[in-house]
> 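Below you'll find the structure I mean.
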Amino acid sequence: MDHPVKLRLSDDLERTRVTVLFRLVLAIPLVVWLYLWGIVAVAVTILNWFATLATGTPWRAAHDFASRFVRFAVHVYAYVGLLADPYPGFGGNPGYAVDVELPEPAPQNRWTVLFRVPLALPAMLLGGALATGFWYRVDDQFTQIGGLLTVVAFLSWFAILARSRMPRGLRDAGAYGLLYGAQTWAYLLLLTDRYPNSDPQAALPELPADEHPIRLDVEDDRRRGRATTFFRLLLAIPHFAWLVIWGLAAYAGVIVSWLIQVVAGRPSPGLHRFISTYLRYATHVYAYTYLIADPYPEFDGRAGAYPVELTLPEPARQDRLTVAFRLVLAVPAFALASTYAGVAIVAAFLGWFAVLATGRMPLGLRNALALWLRYNQQAAGYLLLLTERYPHSGPTAEGPPAAPTPPVWLTPDPFAMS
C-alpha cells in the first residue's frame, strides 16, 4: 500500500560547481536552524503525545508545527546531500526541488502511540544506515560509519565538480535514504501511524528501466522456515568455505583475463564463463545467508537453480584503457557497495527477528536486501571484467534484461575451458 509520506522530485540534476564546492559552508545557517527547531519540535511532540493519548487524534497545531519541521529537514538534507541545487528557505514551506508530502491529522491507535519510541527503534536503526550512519567510540575517540546518504554526497561532490551534473543513480540512492528518514521522523513525531516503508521500489515516483547487462531477478514468496532461519549462519558455513576456495581460483583467472584483454583486446570465453559461474554461485550464497531466499543453494552456481538469479552478459570486447585501470575505476563503486552492505546487515538482522515471529520476510526488507545484492554483484562484475558497464547505484524498475552482446572473437581461443 502507498505510504502517506511521499517524496516529490522536481530536480533536473544540473548543479552549480561553485555552490557545490562550498556546500558545507553555505549550509551552516541551515544546520544551526534545523538543530534549534528540532529541540522545540521534540518538546511540542511530547505535549502532542499526551494529547493524542487522550483524544486518539494528534493536536492540529502540533501536527502542523512538526510537519513544517520534517519538511525543512528534508530540504536541508537534500541540499547538503547534493540531491538538490537551490538554497532552501528557512520556513519549511512546500515547493522545494526535493520535497515531501505529509498527511493531515488522523486518528491513531492509542497503543501504538503509547509505545511509539520503542516501536520506532528498528526503523531508527535502519534509518541510520540509510542516512548519516552511526557513531561509535574507540579509545576515547568517536568514529563515524558513513550512511548511504553521506557516502552518496561524498561521491557526488567529485562527480559534480567534474561534470556539473548529479549522476541519476546516486541521486536516486540518496532519495531512497532521505525518504526513509522522513518517514521515520513522521512516525516518531506522530504525523502518521504508518510504519516506514523500507522498499526501494516504492521510494521514487518513477524509476529508470533496468538496462544493465547484469541483472538480479527474485522469484520468492517470502515464506521462511523458522528453524533454518534461526541457524542460517551455521548452515551457510560449508558454502562460505567453498566460496573462498572457488574465489581464489576465480581471482587468479581474473588476473589472467586482465592480461589477455589488455594485450589481445578480447576476452577469453572460457575464463569469462568460469568467473561468471563463480559470481552466480556467490549470489546464491549471499541470497541464502541474508534471507533474500529460503532454499538451501547448490554448490555449482548453475543458472536457473535458485529463486534469486543473476543474469550475466556474454563475453564482449571492452575498452583496453578502462580494462587497464579497472581496479582504480572500481574504487568509488566499492565504496558505495560497502555502504550498501552496512544497510544489508541491518536489514538482515531485522528480517531475522521478523521471520522468527511471523514466518515471512517483510517485503520492504527483502527488496532492500535485493538492491544491495544487485549493486554489489554489478560492482563485482565490473571489477571481474565481465562487463564494462558501471553499476547503477539507485533502485531500478523491473524490465527485460539487456540484449547480450554477441561474441567478437574470430579465431580459436587457447584459453577456452570445457
Side-chain angles (χ1 to χ4, degrees), residues 7-45 64-100 102 124 127-137 140-167 170-186 188-189 332 335-336 339:
L7 204 64
R8 299 302 182 202
L9 304 175
S10 57
D11 172 63
D12 59 3
L13 302 178
E14 299 295 328
R15 300 290 182 268
T16 306
R17 285 188 174 99
V18 175
T19 62
V20 168
L21 181 64
F22 298 102
R23 184 61 56 99
L24 291 180
V25 177
L26 294 171
I28 290 176
L30 295 169
V31 174
V32 171
W33 180 236
L34 179 65
Y35 176 76
L36 296 176
W37 194 345
I39 295 175
V40 181
V42 171
V44 171
T45 300
D64 292 345
F65 184 82
S67 295
R68 292 172 72 90
F69 166 73
V70 171
R71 188 176 294 111
F72 177 66
V74 168
H75 299 171
V76 173
Y77 276 98
Y79 182 73
V80 175
L82 306 178
L83 306 182
D85 202 45
Y87 200 80
F90 286 81
N93 298 314
Y96 191 60
V98 177
D99 212 345
V100 63
L102 296 165
M124 294 169 65
L130 285 171
T132 57
F134 304 101
W135 291 89
Y136 64 96
R137 186 174 180 177
D140 295 329
Q141 293 184 348
F142 287 95
T143 304
Q144 184 184 25
I145 302 176
L148 179 62
L149 188 57
T150 302
V151 175
V152 163
F154 177 76
L155 297 176
S156 301
W157 189 82
F158 291 98
I160 292 170
L161 292 182
R163 304 173 54 208
S164 295
R165 186 174 177 83
M166 178 76 167
L170 289 176
R171 195 283 304 272
D172 289 355
Y176 168 44
L178 182 62
L179 175 60
Y180 190 82
Q183 291 179 352
T184 302
W185 275 107
L188 268 171
L189 298 180
L336 186 59
T339 304

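Computed over heavy atoms, backbone and side chain alike; hydrogens, waters and symmetry mates excluded. Start at 1 with the first residue, then count along the sequence.
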> To the nearest 0.5 Å, what is the distance between NE2 (H75) and CZ (F72)?
9.0 Å
> Would you call the rings of Y87 and Y79 parallel, tilted or perpendicular if under 30° counts as parallel and over 60° as perpendicular?
perpendicular
> Tell me, do L149 and L83 make a side-chain contact under 4.5 Å, heavy atoms counted?
yes
> Does L161 have any side-chain contact (heavy atoms from CB on, under 4.5 Å) partners at least two apart in sequence or in another chain, and if so, which?
R17, V20, L21, W157
> As a test of understanding, state which of I160, T339, L336, L82 forms a side-chain contact (heavy atoms from CB on, under 4.5 Å) with L155.
L336
> I need the minimum non-hydrogen distance between V100 and A182, along with the two atoms involved.
CG2-CB, 4.3 Å
> Taking only residues two or more places apart in sequence or in another chain, which ones pass side chain to side chain donor-acceptor pair (under 3.5 Å) with D11?
R15
> Indicate yes or no for a side-chain donor-acceptor contact from Y96 to the backbone of P86 under 3.5 Å, with no hydrogens or angles considered.
yes
> Report yes if the side chains of R163 and L13 come closer than 4.5 Å at any heavy-atom pair, otherwise no.
no
> Evaluate the side-chain proximity of L188 to T45: yes if any heavy-atom separation is below 4.5 Å, no if none is.
no
> Would you give the length of the straight line joining atom CZ of R23 to atom OG1 of T16, rounded to the nearest 0.5 angstrom?
8.0 Å
> OG1/T150 to OH/Y77 distance, rounded to the nearest 0.5 angstrom?
8.5 Å
> Please examine the side chains of T184 and Y180, heavy atoms only from C-beta on, and report whether any two atoms are closer than 4.5 Å.
yes
> Decide yes or no for F65 and V40: does some side-chain heavy atom of the first lie under 4.5 Å from some side-chain heavy atom of the second?
yes
> Look at R165 together with D85 and state whether they make a salt bridge at an N to O cut-off of under 4.0 Å.
no
> Cut-off 3.5 Å, side chains only: do R68 and N93 have a donor facing an acceptor?
yes
> Heavy atoms only: give me the nearest L178-A78 pair and the separation to one decimal.
CD2-CB, 4.0 Å
> For W33, does the CH2 atom have more than 12 heavy-atom neighbours from other residues, nucleotides or ligands under 6.0 Å away?
no
> Can you give me the closest heavy-atom contact between L170 and S156, atom names plus distance?
CD1-OG, 3.4 Å
> Between D99 and V74, is there a side-chain heavy-atom distance shorter than 4.5 Å?
no
> Heavy atoms only: give me the nearest A84-A97 pair and the separation to one decimal.
CB-CB, 4.0 Å
> Does the plane of the ring in F154 sit parallel, tilted or perpendicular to the ring in F158? Use 30° and 60° as the thresholds.
perpendicular
> Going by the rule side chain to side chain donor-acceptor pair (under 3.5 Å), which residues pair with R8 if we only count those two or more places apart in sequence or in a different chain?
E101
> Which heavy atom of F90 sits nearest to which heavy atom of P29, and what is that distance?
CE2-O, 3.8 Å
> Work out which heavy atom in S164 is nearest to a heavy atom in E14; give both atom names and the distance.
O-OE1, 3.5 Å
